Colleague: 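Take this structure, written in structure tokens, and hold onto it; I'll ask about it next.
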Amino acid sequence: MEITIKDKVHQLRATFGFLAEIDRETLGDADKKDNPTIGAGAGLAQAVIQWQEVGDIYALRDMVYCLCNHEGKERPTKKDIESYIESCEDLDAFSDEVINFLYGANVCKKALKTMVEPLSQAVKEEMDKLKTAELKA
């Protein structure tokens with residue numbers, strides 16, 4: 001997958017480096033000894049859920065930023081990615097493309113299938129409970 005930011009084409013790559021970076025970006029500097037799921041795609045799963053279920057646009061930005069982690073000095077900044085997202089003509093199509101890209105990547109498939117799907121259902125159930133409680137209030 002590729003995107004063009006400031007007339008520069010950036011290749012998005014889902015690699016082990018991407019997984020390590022999205023874990024750090026999403027989960028912070030949590031100690032792996034305290035949480036054995038860190039490094040097992042937990043940050044990726046959280047970022048996908050934050051975007052798809054909650055609508056946290058920063059999660060989408062962070063996923064795209066981390067997918068560019070192999071580009072070194074040529075890597076777009078988070079501000080560049082934010083500008084790209086703000087000017088995106090069809091954000092839903094772009095988002096779908098990023099998520100489908102991740103679901104198709106060898107390093108992401110298993111984590112997304114085993115973590116996101118069950119967690120997404122749990123998030124939906126919690127959101128439904130909150131909506132029901134708001135309606136009763």
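Heavy atoms only: backbone and side chains are in, while hydrogens, waters and symmetry mates are out. Being a predicted model, the structure only gives us computed values, none of them experimental.
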Colleague: In terms of heavy-atom contacts, does NZ of K110 have more than 12 from other residues, nucleotides or ligands at under 6.0 Å?
Modeller: no
Colleague: Once side chain to side chain donor-acceptor pair (under 3.5 Å) is applied, do any residues pair with K78, and if so which ones, sequence neighbours excluded?
Modeller: E25
Colleague: Holding to side chain to side chain donor-acceptor pair (under 3.5 Å), I want the full list of residues that pass it with T26, two or more places apart in sequence or in another chain.
Modeller: none
Colleague: Taking all atoms of both residues into account, what is the closest heavy-atom pair of I5 and P76, and its distance?
Modeller: CD1-CB, 4.0 Å
Colleague: Between atom CG of N69 and atom CG of L19, what is the distance when rounded to the nearest 0.5 Å?
Modeller: 9.5 Å
Colleague: Taking only residues at least two apart or on different chains, which pairs with a member in residues 85-105 satisfy salt bridge (Lys or Arg N to Asp or Glu O under 4.0 Å)?
Modeller: none
Colleague: Holding to side chain to side chain contact (heavy atoms under 4.5 Å, CB included), I want the full list of residues that pass it with K79, two or more places apart in sequence or in another chain.
Modeller: T77, E82
Colleague: Backbone N or O of S83 within a donor-acceptor pair of the S87 side chain at under 3.5 Å?
Modeller: yes
Colleague: For the atom pair CG (D62) and CH2 (W51), what is the distance rounded to the nearest 0.5 Å?
Modeller: 12.0 Å
Colleague: Check each of K6, H10, R75 against D80 using the side chain to side chain donor-acceptor pair (under 3.5 Å) test, and report the only one that passes.
Modeller: K6
Colleague: Is it the case that one hydrophobic cluster holds both M1 and F16, taking links as side-chain heavy atoms less than 4.5 Å apart, direct or via other members?
Modeller: yes
Colleague: Kindly state each residue pair satisfying ring pair (Phe, Tyr, Trp, His ring centres under 6.0 Å) with at least one member in residues 52-91, sequence neighbours excluded.
Modeller: Y84-F94
Colleague: Quick one: pull up SG in C68 and CD1 in I3 and give me the separation to the nearest 0.5 Å.
Modeller: 5.0 Å
Colleague: Just verifying a value: how many Å separate I57 CD1 and I85 CD1, rounded to the nearest 0.5 Å?
Modeller: 5.0 Å
Colleague: How far does CZ of R13 sit from CG of L67, to the nearest 0.5 angstrom?
Modeller: 11.0 Å
